[in-house]
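Quick notes on the structure that follows.
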Amino acid sequence: MEGLKIPRHIGFIMDGNGRWAKQRKQPRNFGHIHGSNRIDEVVTACLDLGVECVSLYAFSTENWQRPKEEVDKICDILHKFLNQYAKKLIGNKIRLQISGDYTKFPKKIINLIEKRLEETKHFENRTLNIAINYGSKQEIVSAVNKLIESGKTCVTESDFASALYTANLPDIDLVVRTSGEQRVSNFFLWQIAYAELYFTPVLWPDFDKNELLKAIEWYSNRDRRYGKV
Ligand code: IPE
Ligand code: IPE
Ligand code: MG
């Protein structure tokens with residue numbers, strides 16, 4: 001624990017739910033349920049360590065191409081999570097933020113999201129940023145369109161960053177991807193420009209506080225040079 005460098009912002013690509021279920025001869029949805037049950041432990045451990053912002057990749061713009069039954073189940077899990085997590089967000093002064101066009105989800109999810117956003121918007125120190133119906137390319141294109149609509153013909157990096165979902169957040173310092181895949185799958189491409197990338201074979205439903213500490217220990221030993229010597 002001593003000498004750990006704590007990232008300000010960690011992004012989790014929570015991958016491997018399906019394979020975790022398959023290993024147990026269970027339907028993929030079984031993995032999604034167990035995966036969602038890991039979130040609280042990991043988020044709590046991050047915030048206890050002093051991480052200011054946690055971003056979770058929960059559903060990508062590409063994930064709509066999965067079978068409808070699986071998408072519906074993920075929606076149910078998301079709804080349940082947003083219901084149960086209200087107490088935690090408010091009790092621990094965590095602001096909820098959503099990255100992605102959440103208006104494409106069923107009405108009851110939209111309503112719940114808007115309720116949670118409203119209830120937590122005044123919390124400034126810690127943020128839980130959930131990426132749903134999120135894709136970085138979509139985000140970048142919509143940022144460009146927003147800037148054009150506002151009348152800009154020339155923009156700075158800071159104008160551009162302000163048009164993203166993460167406008168108010170620091171860039172991501174550490175990306176953790178579970179399940180052994182070594183790719184970023186359209187996850188916050190602008191915001192991870194200088195992030196350290198940690199890949200672990202552990203499947204998301206097995207990712208716990210101990211695994212998080214391993215990732216942060218690894219991060220602490222990285223030399224972030226930002227192009228300097
Ligand atoms: C990640 O687990 C959860 C979502 C993408 C919603 P997967 O469902 O992708 O699990 P694998 O990759 O098939 O094992
Ligand atoms: C990335 O996982 C998206 C989420 C974790 C929500 P995927 O399983 O969808 O990514 P690919 O298809 O392996 O790149
Ligand atoms: Mg996957």
Around atom [atom1] of [X], are there more than 12 heavy atoms of other residues, nucleotides or ligands at under 6.0 Å?
X      : atom1 : result
Lys88  : NZ    : yes
Asn125 : CG    : no
Lys80  : NZ    : no

Quick one: does [X]'s side chain have a donor or acceptor within less than 3.5 Å of a partner on [Y]'s backbone?
X      : Y      : answer
Arg95  : His122 : no
Arg177 : Arg183 : yes
His9   : Pro170 : yes
Ser36  : Ile33  : yes
Trp204 : Gly35  : yes
Thr200 : Val202 : yes
Asn63  : Ser60  : yes
Glu139 : Tyr165 : yes
Tyr57  : Ser185 : yes
Asp101 : Thr103 : yes

Using a strict 4.0 Å threshold on nitrogen-to-oxygen distance, state whether [X] and [Y] make a salt bridge.
X      : Y      : answer
Glu52  : Arg126 : no
Glu69  : Lys73  : no
Arg224 : Glu196 : yes
Glu217 : Lys214 : no
Glu181 : Arg19  : yes
Arg38  : Asp208 : no

So which atom in Gly50 and which in Ile6 form the shortest heavy-atom distance, rounded to 0.1 Å? C-CG2, 3.9 Å
Could you measure the distance from the [atom1] atom of [X] to the [atom2] atom of [Y]? Nearest 0.5 Å is fine.
X      : Y      : atom1 : atom2 : answer
Ile74  : Arg66  : CD1   : CZ    : 5.5 Å
Ile132 : Thr61  : CD1   : OG1   : 12.5 Å
Leu189 : Asn186 : CG    : CG    : 5.5 Å
Glu118 : Leu96  : CD    : CG    : 12.0 Å
Asp40  : Leu128 : CG    : CG    : 10.0 Å
Lys137 : Trp190 : NZ    : CH2   : 16.0 Å

Please determine whether ring-ring contact (aromatic ring centres under 6.0 Å, His included) holds for the pair Phe105 and Phe59, giving the CA-CA distance in whole Å, both sets of side-chain angles, and the decisive distance to 0.1 Å. CA-CA 11 Å; Phe105 285 97; Phe59 194 85; 5.8 Å; yes
Could you go through the side chain to side chain donor-acceptor pair (under 3.5 Å) check for Glu70 and His32 one step at a time? CA-CA 9 Å; Glu70 180 171 347; His32 294 315; 2.8 Å; yes
Ring centre gap for Trp64 and Tyr134 strictly below 6.0 Å: no
Once you measure the plane-to-plane angle for Phe30 and His34, does it fall in the parallel (<30°), tilted (30-60°) or perpendicular (>60°) bin? tilted
